[in-house]
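Structure first, then comments.
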Amino acid sequence: MRVGRIVEVEAYGGPQDRASHARAGPTARTSVMFGPPGHAYVYLVYGMHHCLNVVSGPPGAAGAVLVRAAEALEGQAAMVAARDVPAARRGPPARPPRRALIASGPGRLCAAFSIDRTLDRTDLCDPNGPLFLAPAAPDDRPPVVAWGPRIGIGYAGEPWSGLRWRLVDRSSVALSAPVEGDAAEQADETPGPGLGG
DNA sequence: AGTTGGATGGTCT
DNA sequence: GACCATCCAACTG
């Protein structure tokens, strides 16, 4: 069994969020986002990488949380093996990824956990399912939460591209990228659904 | 250490 | 037909 500790996520706000796939309303691909929370929305980006989302909010809200990075806790050998299979691996060698970076990034995370579209729409709250979203262990290291702009959504324009809806555990070495503008300056900022920026 | 460009295919206009 | 919620190798300095 492969187990990871999620250390980086992004929030997507539903149809009004110009960065969300829900912006076009329910389609064959995105209709799961308009359903009940706790289910997986898995899609293919750039023709070769998968991304995992957790549907959130009440049915119809089409909120989602993109899972961007995790620290490997168990089953690391399986993760390394899974990372090594990409159907289209180009170029010559391909060295084994650094352990801390095995699931560091939305595409890497899906590769490490063998998450693809066959898991689209599955119930992530079912402990007997193929993919399970578990609460943190009681003895888990407490996260040091920081927040910054979401990654790769500049096309959405303001205010969406400026919202600090990327949440990370700053103490983790598995982040896909540093938090932009992460500094003492945000000490009195608060994350959340407001359009503050 | 930082930047750049190619791979690759589903989805929506 | 254009556009990606990415990753990595191959550059430059």
Side-chain angles (χ1 to χ4, degrees), chain A residues 4 6-34 37 39-57 61-70 72 79-121 124 131 133 147-168 173-180 191 193 197:
Chain A
I6 296 172
V7 295
E8 175 178 344
V9 297
E10 284 176 0
Y12 286 84
Q16 76 279 14
D17 181 352
R18 300 298 294 166
S20 172
H21 288 182
R23 64 186 179 274
T27 67
R29 178 177 60 150
T30 64
S31 61
V32 63
M33 298 177 79
F34 292 80
H39 289 245
Y41 166 49
V42 181
Y43 69 94
L44 183 67
V45 279
Y46 298 108
M48 60 185 82
H49 301 292
H50 292 275
C51 289
L52 169 68
N53 289 258
V54 183
V55 176
S56 69
V65 174
L66 171 68
V67 184
R68 287 191 55 92
M79 295 183 191
V80 171
R83 280 286 305 275
D84 197 37
V85 250
R89 189 178 52 259
R90 62 205 169 280
R95 296 205 308 285
R98 281 197 48 214
R99 206 198 81 130
L101 303 181
I102 191 67
S104 174
R108 290 168 171 177
L109 182 145
C110 283
F113 284 83
S114 301
I115 296 168
D116 61 19
R117 297 215 63 196
T118 64
L119 293 179
D120 188 35
R121 298 169 184 263
L124 300 175
L131 186 62
L133 197 61
W147 45 93
R150 295 175 290 181
I151 292 177
I153 52 108
Y155 63 86
E158 295 294 343
W160 312 107
S161 59
L163 298 177
R164 306 174 75 87
W165 283 2
R166 175 183 177 224
L167 302 178
V168 311
V173 294
L175 302 186
S176 67
V179 178
E180 186 182 324

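Throughout, protein chains are lettered first and strands after them, A, B, ... in sequence-line order, and every chain is numbered starting at 1.
- Taking atom CZ of residue A/Arg150 and atom C1' of nucleotide C/dT6, one finds them 17 Å apart after rounding to whole Å.
- The closest side-chain heavy-atom distance from A/Val168 to A/Val7 is not below 4.5 Å.
- For the salt bridge (Lys or Arg N to Asp or Glu O under 4.0 Å) test, no residue two or more places apart in sequence or in another chain qualifies with A/Arg99.
- At least one donor-acceptor pair closer than 3.5 Å links the side chain of A/Arg117 to the backbone N or O of A/Val42.
- Of the candidate nucleotides B/dT11, C/dC8, C/dA5, B/dT11 has the atom nearest to the side chain of A/Arg29.
- A cation-pi arrangement is absent between A/Arg83 and A/Phe113, since the terminal nitrogen or guanidinium carbon is not both under 6.0 Å from the aromatic centre and inside a 45° cone about the axis.
- In this structure, NE2 of A/His50 is placed 14 Å from C1' of C/dC7, rounded to the nearest angstrom.
- If you check residues 17-28 of chain A against DNA chain C, the residues with a heavy atom closer than 4.0 Å are A/Ala19, A/His21, listed by number.
- Counting to the nearest Å, the C1' atom of C/dT6 and the OH atom of A/Tyr155 are 13 Å from each other.
- A/His50 meets the side chain to side chain donor-acceptor pair (under 3.5 Å) test with no other residue; sequence neighbours excluded.
- A distance cut-off of 5.5 Å between ring centres, combined with a plane angle under 30°, leaves A/Tyr43 outside any stacking arrangement with the base of B/dG10.
- Here OH of A/Tyr43 is found 6.0 Å from CG of A/Asn53. Values are rounded to the nearest 0.5 Å.
- The separation between A/Leu44 atom CG and C/dT6 atom P is 12 Å, rounded to whole Å.
- Qualifying side chain to side chain donor-acceptor pair (under 3.5 Å) partners for A/Gln16, counting only residues two or more places apart in sequence or in other chains: none.
- Remark: P of C/dC4 and CH2 of A/Trp160 are 17 Å apart, rounded to the nearest angstrom.
- Regarding A/Ile153, its CD1 atom lies at a distance of 10 Å from the P atom of C/dT6, rounded to whole Å.
- Nucleic acid contact for A/Leu66: base, since at least one base atom lies under 4.0 Å from a heavy atom of the residue.
- Counting heavy-atom neighbours within 6.0 Å of A/Arg18 CZ, excluding the residue itself, gives a total of 12 or less.
- The listed nucleotides are B/dT11, C/dA5, C/dT6; the one nearest the side chain of A/Ile151 is C/dT6.
- Separating the CE atom of A/Met48 from the P atom of B/dG6 is a distance of 13 Å, rounded to the nearest angstrom.
- Of the possible donor and acceptor atoms, one in the side chain of A/Tyr155 sits under 3.5 Å from a partner among the backbone N and O of A/Ala19.
- Whole-Å rounding puts the A/His49 NE2 to B/dG6 C1' distance at 11 Å.
- Between A/Arg83 and the phosphate of C/dC7, there is no side-chain N or O to OP1/OP2 separation shorter than 4.0 Å.
- Among the atoms of the strands shown, base atoms are found under 4.0 Å from some heavy atom of A/Gly47.
- For A/Glu8, the side chain to side chain donor-acceptor pair (under 3.5 Å) partners are A/Arg68, A/Arg166, A/Ser176, not counting sequence neighbours.
- No engagement by A/Arg166 is indicated, since no non-hydrogen atom pair under 4.0 Å with the nucleic acid exists.
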Both distances under 3.5 Å, Watson-Crick or G-U wobble: on that basis, could you give the dot-bracket string for DNA chain B, with [ ] for crossing pairs and | for other-strand partners?
|||||||.||||.
